[in-house]
Amino acid sequence: MTHAEQTSSWHPGSWRARPVAQPIAYPDAGALAAAETHLSHLPPLVTSWEIERLRTEIAQAQEGKRFILQGGDCAETLAECRAELIANKLKILLQMSLVLVHGLKKPVTRVGRFAGQYAKPRSSATETRAAAGGGTPVTLPSYYGDLINRAPFTPEARTPDPWLMVKGYEHAAVTLNFIRSLVDGGFADLHHPEYWDLSFFTHASLSPDLRAQYQRMTTNLADGLRFMEALGERTVDDLTRVEFFTSHEGLNLHYESAQTRRVPRREGWYNLTTHMPWIGERTRDAGGAHVEFFRGVRNPIGVKIGPRASPDELRRLCDILNPGDEPGRLVFITRMGAPNVEGALPALLRAAGGRRVLWMCDPMHGNGMTTARGVKTRSFDAILRELRAVCMVCAGEGVPLGGVHFELTGDDVTECVGGAAGITEDDLPARYSSLCDPRLNYQQALEMAFLLAHELSPA
Ligand code: PEP
Ligand code: CO
């Protein structure tokens, strides 16, 4: 991109003049425009002051004073917008964050991959399946997530439908409404972790060891909090205020731009579908539509960074997405694959040296594999190896690792192999429900939090 293009005026539709990676072939332009207009008149899902608060917290994490825990489904679905699934996701994020607060001795901000994580990039635009009965194979558009089309392998389901954006918005709204009510109702009072972990902890499959470790830690933590409060310690508020921010991949720019507005008494434009959108590994081209769109909004922006990213690309992303080097604005989420970290990460950390960037580690997306039986999985060990390698490289370069990004669920699924529960390839079919990437189940996620806390513990 030339300097002139980079500084040319931005508006919520300026991305339309740029090449769109992962384009969506809506067949009916009139219906698309109508759905966009409809969305643009609906109230925002989040507010600018929440977004600004998250920016402040990310700025603190950039200085090593806070840690960000981001996690949730690979893809939310409309069908799984259910109370118990949402509550379980909050519980596991809370429990992991508590483990991290305890181990890292600093406040932790929770950012869910939820209330809008409905759009998925795909490695191929189409999917071909053998026809039943051995006829000619059938090719249809790939499934891009419930914001765009539907999973069943039929032409009707796979045709992008713009009104799914409105459905997605509505489901994000009811998800958020439930989350906000639970939090307001004291669901997550950190003084009483015993209230919100009970049903979860009676679960038979949780290993006694992990249960004991967790219970010891929560008792210590609750005692510590009471002690600090008795001393009038002001930071307690900060440690115990439980809040959830939302995030999703900003893949469908029709959706993102329809909810992007100016707000009274503030400068600039806000994307009010979510607190922290991120740009995926497949859409982060500096000259492309996604980078163009997100450069113009005030939200903190994540960018996924894979092993083939070059130091130059990172510098350009910093220049375009954060020309003023503002704190709390830019988050690089690395997803290298465990064997690539040591080779690729140091040069990238140095490339962004001197810029205000929050480095987060996504140890999931570079570690996918397919079993001999064709099941997509990830191994707990590879995920942990990537986390450890990133911790080591960051420490060696003197850059704080400011957060982690997981695909996880609060449920007892069998999608990733390994962990103390010893899930094997043979166990995978038992409870595999992800339509997209495999997630850590609640026990694997909690165990990962303990291991990470140990890795990053200051003492
Ligand atoms: C994701 O986070 O689900 C994803 C697709 O990640 P990436 O862009 O890093 O591949
Ligand atoms: Co994923």
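All values reported here derive from a predicted model rather than from experimental measurement. Atoms within a ligand are numbered from 1 in the order they appear, just like the ligands themselves.
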Where the Co ion (ligand 2) is the centre, what is the OD2-to-OE2 angle for D437 and E407, rounded to 10°?
-> 140°

Tell me: protein heavy atom nearest atom 1 (C) of ligand 1, and distance?
-> H365 NE2, 3.0 Å

Per-atom filter on ligand 1: closer than 4.0 angstrom to a heavy atom of P121 are 5 (C)

Output all residues satisfying salt bridge (Lys or Arg N to Asp or Glu O under 4.0 Å) with E127, sequence neighbours left out; order by chain, then residue number.
-> R129, R158

Please indicate whether any nitrogen or oxygen in R113 is less than 3.5 Å from any nitrogen or oxygen in ligand 1.
-> yes

Does the N or O separation between D437 and ligand 1 drop below 3.5 Å for any pair?
-> no

N/O separation below 3.5 Å, E281 to ligand 1 = yes

Residues K120 and D437 bridged, charged N to O under 4.0 Å | no

Partners of D73 by side-chain hydrogen bond (donor to acceptor under 3.5 Å, both in side chains), sequence neighbours excluded?
-> K89, R439

Does the side chain of Y169 reach to within under 4.5 Å of the side chain of H38, using non-hydrogen atoms?
-> no

Measure from atom 3 (O) of ligand 1 to every heavy atom in K120, R282, E249, M364 and give the option owning the shortest one.
-> K120

With no hydrogens and no angle check, do the side chains of E256 and T273 hold a donor and an acceptor under 3.5 Å apart?
-> yes

In ligand 1, the atoms that come under 4.0 Å of a heavy atom of R335 are 7 (P), 9 (O), 10 (O)

Between the Co ion (ligand 2) and C74, is there an N, O or S atom separated by less than 2.8 Å?
-> yes

Which ligand 1 atoms does W278 reach within 4.0 Å, using its non-hydrogen atoms?
-> 2 (O)

Evaluate the ring planes of Y26 and H254, with Trp represented by its six-membered ring, and classify them as parallel (under 30°), tilted (30 to 60°) or perpendicular (over 60°).
-> perpendicular

Atoms of ligand 1 less than 4.0 Å from G280 heavy atoms?
-> 8 (O)

Indicate yes or no: does an N/O atom of K304 lie under 3.5 Å from an N/O atom of ligand 1?
-> yes

W278 and H248 aromatic centres sub-6.0 Å = no

Side-chain heavy-atom pair L408, M96 within 4.5 angstrom cut-off | yes

